[in-house]
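Positions are given from 1 along the sequence. Just the heavy atoms: all of them, side chains too, but no hydrogens, waters or symmetry mates, feed the values below.
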Amino acid sequence: MTRANLLLIRELNVNGDGDFADVMIQLERPLTPEQKRALRVELTRLKQVLDDPDTDSVVELAIHNILGSAAAQSGYDLIEF
């Protein structure tokens, strides 16, 4: 089985009640420490400058700005047990 490079981005406290939102990203290769730092900075910056930012839009823009076409947003399902 081929291993996928996946990144889970979680926005904390999205509604002020402690809830969170997740976005799954498939990467061509694992992030470097520098890319992780740049992505975290860009996520924070976009959340502050966008009007009424939703998690998906913030993540999509940040990924595009930092990684370009080296990543794609992925849908996912959750199974809890």
_Heavy-atom pair with the smallest gap, counting every atom of Met24 and Leu6_ = SD-CB, 4.0 Å

*Quick check: are there more than 12 heavy atoms from other residues, nucleotides or ligands sitting under 6.0 Å from CZ of Arg40?*
no

*Measure across Ile66 and Ala38 and return the closest heavy-atom pair with its distance rounded to 0.1 Å.*
CD1-O, 3.9 Å

_Joint cluster assignment, Leu50 & Leu39, ILVMFWY side-chain distance < 4.5 Å_ = yes

*Non-hydrogen atoms of Val58 and Leu46 that approach each other most closely*: O-CD1, 3.7 Å

*Gap between atom CG of Asp22 and atom CG of Leu12 - 0.5 Å precision*: 9.0 Å

*Go through Leu67 and Leu31 one step at a time and tell me if the side-chain contact (heavy atoms from CB on, under 4.5 Å) criterion holds.*
CA-CA 9 Å; Leu67 302 176; Leu31 292 177; 3.7 Å; yes

*How close do Ser57 and Asp54 get, heavy atom to heavy atom, and via which atoms?*
OG-OD1, 2.7 Å

*asked:* Please determine whether side-chain contact (heavy atoms from CB on, under 4.5 Å) holds for the pair Ile9 and Ile63, giving the CA-CA distance in whole Å, both sets of side-chain angles, and the decisive distance to 0.1 Å.
replied: CA-CA 10 Å; Ile9 297 177; Ile63 291 294; 4.2 Å; yes

*Considering all heavy atoms, the nearest Gln35-Thr32 contact*: OE1-N, 2.9 Å

*asked:* Going by side chain to side chain contact (heavy atoms under 4.5 Å, CB included), Val59 matches just one of Asp56, Thr55, Leu61. Which one?
replied: Thr55

_Flag, side chain of Asp19 to backbone of Asn13, donor-acceptor distance under 3.5 Å_ = no

*Just jot down the salt bridge (charged side-chain N to carboxylate O under 4.0 Å, His left out) partners of Glu34, sequence neighbours excluded, or say none.*
Arg37

